[in-house]
Amino acid sequence: NEVIRKTFNEANTDENCAGVITWMHTFSPAKSWILGLQEYRKPLLHLHTQFNREIPYDTIDMDFMNENQAAHGDREYGHIFSRLNMERKVVAGYWEDEDVQKQIGSWMRTAVGVVESSHIRVMRVADNMRNVAVTEGDKVEAQIKFGWEVDAYPVNEIVEAVNAVSQADIDTLVEEYYDKYDILLEGRDEKEFREHVAVQAGIELGFERFLDEKNYQAIVKDHDYQAVVTHFGDLGGLKQLPGLAIQRLMEKGYGFGAEGDWKTAAMVRVMKIMTQGMKDAKGTSFMEDYTYNLVPGKEGVLEAHMLEVCPTIADGKISIKEQPLSMGDREDPARLVFTSKTGPAVATSLIDLGDRFRLIINDVDCKKTEKPMPKLPVATAFWTPQPNLKVGTEAWILAGGAHHTAFSYDLTAEQMGDWAASMGIEAVYIDKDTTIRQFKNELLWNSVAFRK
């Protein structure tokens, strides 16, 4: 009992440990685990496997049976979790099989997301968009459940940081923009265009320096992982709505939410944490549902935002455009414009139902639009929710999902569901197996199961 307890508590205090994997190779009486499990605070995976793939028919004896009894020991161990009503991930199969190793690796990323969630701090610039309900939420309960610190700063404090950026630093960053992206003047005066781009460079540098000063770093530094929230209705002394600047910050690893949506900002950051270091990652971003294509056989949702879509999801060239924007009542903001990659992805929405949080998880299939959209000056994605547009959107609306999503090509519904389970919150899945009858029943059952 004491060895188990000590091992778990060492895991609790080890900042480099995101979780524990256990396997009952031999019989292990589960009462021995009670004290340690009760004190353990991180994600746990129960690997149900055995060392030998095949029964050694010619040599098996009782010594072998006594030393290779995961089929026995793991059931005893699994029982105590159910008795303690504790969350854990169970992966069954032969340990050398690729699918088992992939499941373990997938869970390890979720475990990192769970543990690092408690280090997330969200910097809110202004409040939520007036009269909008779904972006609101209980920030105290969010800190209790997820560990998120959600702090507000007056916009003009950030403006001071933006105004303090030197012209030399701005010029250097503008040159970087011009080297990295295609410049689409589209008839605009080149000098004026560059001046507007320079405004975004100043915003990027000013925001990042303010975030760094206040310990809201996005990159690993003392285990602080961060997110930014802006609102076009409160820009103070900013000359433009942050567009290109926010897109670049997201690319560096910051979470983001528009119109005061701090829940989505934090979820984008969680999902970026979970994909960190992933080989051939396709990208993670803040996103918003805009308009439908309802042509039979070509159904889908056009995804975008006014400006702020992360360039990690871009497919092909990325351009800088400047276009008028009525929201914010400021000068024409510069923004990065591109189309997204194709393939399977996951879109999530974390909502506050008053008595609990719910994570809605939708498998989506990203595609290319049939035709270019030359007059739409924003980055876009186009996807069809599973199982199809009709059922997927009906289920999303029934679940109370937001118009903002935290979206990723690199994570799965299983990983996001495991994250929600570790956080002790409700999760609902919209995927190829969803039917509206089943989904409505699930929401009804969950309203009882997750009631405080």
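When a residue number appears, it is its place in the shown sequence, counting from 1.
- The backbone N or O of Gly93 sits less than 3.5 Å from a side-chain atom of Thr49, completing a donor-acceptor pair.
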Start with the C-alpha gap between Met123 and Leu211, add the side-chain angles, then the distance that decides, and say whether side chain to side chain contact (heavy atoms under 4.5 Å, CB included) holds. CA-CA 8 Å; Met123 186 188 82; Leu211 288 159; 3.6 Å; yes
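- Looking only at atom types and distance, the side chain of His305 has no donor-acceptor partner in the side chain of Gln247 under 3.5 Å away.
- Judged by distance alone, with hydrogens and angles left aside, the side-chain atoms of Thr264 form no donor-acceptor pair with the main-chain N or O of Ala406 at under 3.5 Å.
- For Tyr429 against Phe439, the heavy-atom pair with the smallest separation is O-CE1, 3.7 Å.
- More than 12 heavy atoms of other residues, nucleotides or ligands shown are found within 6.0 angstrom of NZ on Lys368.
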Let's go through Leu45 and Val20 carefully: what are the C-alpha distance in whole Å and the side-chain angles of both, what is the deciding distance for side chain to side chain contact (heavy atoms under 4.5 Å, CB included) to 0.1 Å, and is it a yes or a no? CA-CA 6 Å; Leu45 183 143; Val20 167; over 6 Å; no
Is there a side chain to side chain contact (heavy atoms under 4.5 Å, CB included) between Thr348 and Met271? Walk through the geometry before answering. CA-CA 10 Å; Thr348 69; Met271 292 165 75; 3.6 Å; yes
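- For the residue pair Tyr409 and Ser340, a side-chain donor N or O sits within less than 3.5 Å of a side-chain acceptor on the partner.
- Side-chain atoms of Gln167 and Asp171 form a donor-acceptor pair, as typed in the model, at a separation below 3.5 Å.
- In this structure, Gln226 and Ile120 approach most closely via the heavy-atom pair OE1-C, 3.7 Å.
- Between Ile170 and the options Val197, Ile203, Val162, Val165, a side chain to side chain contact (heavy atoms under 4.5 Å, CB included) holds for only Val165.
- Formation of a donor-acceptor pair under 3.5 Å by the Gln200 side chain with backbone atoms of Ala245 is found in this model.
- Taking a cutoff of 4.0 Å between a charged side-chain nitrogen and a carboxylate oxygen, Asp138 and Lys263 do not qualify as a salt bridge.
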Please step through salt bridge (Lys or Arg N to Asp or Glu O under 4.0 Å) for the pair Lys102 and Glu98, ending with a clear verdict. CA-CA 6 Å; Lys102 283 184 176 180; Glu98 185 179 2; 3.3 Å; yes
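- At a cut-off of 3.5 Å, with distance as the only test, a side-chain donor of His404 or Asp261 sits close to an acceptor on the other residue.
- For Tyr177 against Ala201, the heavy-atom pair with the smallest separation is OH-CA, 3.4 Å.
- Shown here is Arg437, whose CZ atom has no more than 12 heavy atoms of other residues, nucleotides or ligands within 6.0 Å.
- Remark: the backbone N or O of Ala11 is paired with a side-chain donor or acceptor of Lys42 at under 3.5 angstrom.
- Side-chain contact of Gln415 with Ser106: a donor-acceptor pair under 3.5 Å is present, judged by distance alone.
- Using a cut-off of 4.0 Å between Lys/Arg side-chain N and Asp/Glu carboxylate O, Glu116 and Arg121 are scored as not salt-bridged.
- The main-chain N or O of Lys432 is found under 3.5 Å from a side-chain atom of Gln386 such that the two form a donor-acceptor pair.
- No donor-acceptor pair under 3.5 Å is formed between the side chain of Glu175 and the backbone N or O of Thr172.
- Classification of Arg209 and Glu213 as a salt-bridged pair fails, no side-chain N sitting under 4.0 Å from a carboxylate O.
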Tell me, with the steps shown, if Gln240 and Asp332 meet side chain to side chain contact (heavy atoms under 4.5 Å, CB included). CA-CA 7 Å; Gln240 296 175 18; Asp332 302 350; over 6 Å; no
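- Atom NZ of Lys239 sits in a sparse spot, with 12 or fewer heavy atoms from other residues, nucleotides or ligands closer than 6.0 Å.
- Arg358 places no side-chain N or O within 3.5 Å of a backbone atom of Arg356 that could act as its donor or acceptor partner.
- Among residues two or more places apart in sequence or in another chain, the ring-ring contact (aromatic ring centres under 6.0 Å, His included) test is passed with Trp383 by Phe407.
- Looking at Asp410, its side chain never comes within 3.5 Å of a backbone N or O of Ala281 through a donor-acceptor pair.
- Using cut-offs of 30° and 60° on the angle between ring planes, the pair Phe357 and Phe146 is tilted.
- In this model, no donor atom of one side chain and acceptor atom of the other lie less than 3.5 Å apart for His119 and Glu149.
- The two residues Ile430 and Pro387 have their closest heavy-atom pair at CG2-CD, 4.5 Å.
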Where do Glu190 and Arg194 land on the salt bridge (Lys or Arg N to Asp or Glu O under 4.0 Å) test, with the steps shown first? CA-CA 6 Å; Glu190 197 283 329; Arg194 183 179 281 265; 3.6 Å; yes
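- There is no side-chain donor-acceptor pair under 3.5 Å between Glu176 and Tyr178.
- Between Ile320 and Ala334, the shortest heavy-atom contact is CG2-CB, 4.2 Å.
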Salt bridge (Lys or Arg N to Asp or Glu O under 4.0 Å) for Asp151 and Lys214? Distances and angles first, verdict last. CA-CA 11 Å; Asp151 305 320; Lys214 302 296 183 183; over 6 Å; no
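- Nearest heavy atom pair, residue Ile273 against residue Gly113, reads CG2-CA, 4.4 Å.
- Judged purely by atom type and a 3.5 angstrom limit, Asp14 uses its side chain to pair as donor or acceptor with the backbone of Asn16.
- Using a distance-only test at 3.5 Å, with no hydrogens or angles considered, a donor-acceptor pair links the side chain of Thr384 to the main chain of Glu299.
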Does the salt bridge (Lys or Arg N to Asp or Glu O under 4.0 Å) test come out yes or no for Lys252 and Glu204, once each step is laid out? CA-CA 11 Å; Lys252 293 175 182 177; Glu204 178 184 340; 2.7 Å; yes
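- Looking at Ser349 and Leu359, their side chains never come closer than 4.5 Å, going by heavy atoms from C-beta outward.
- Between Trp445 and Phe450, the distance separating the two ring centers is not shorter than 6.0 angstrom.
- Residue Asp329 places its CG atom among 12 or fewer non-hydrogen atoms of other residues, nucleotides or ligands, all under 6.0 Å distant.
- For the pair Arg248 and Tyr254, the cation-pi test (distance below 6.0 Å, angle within 45°) is failed.
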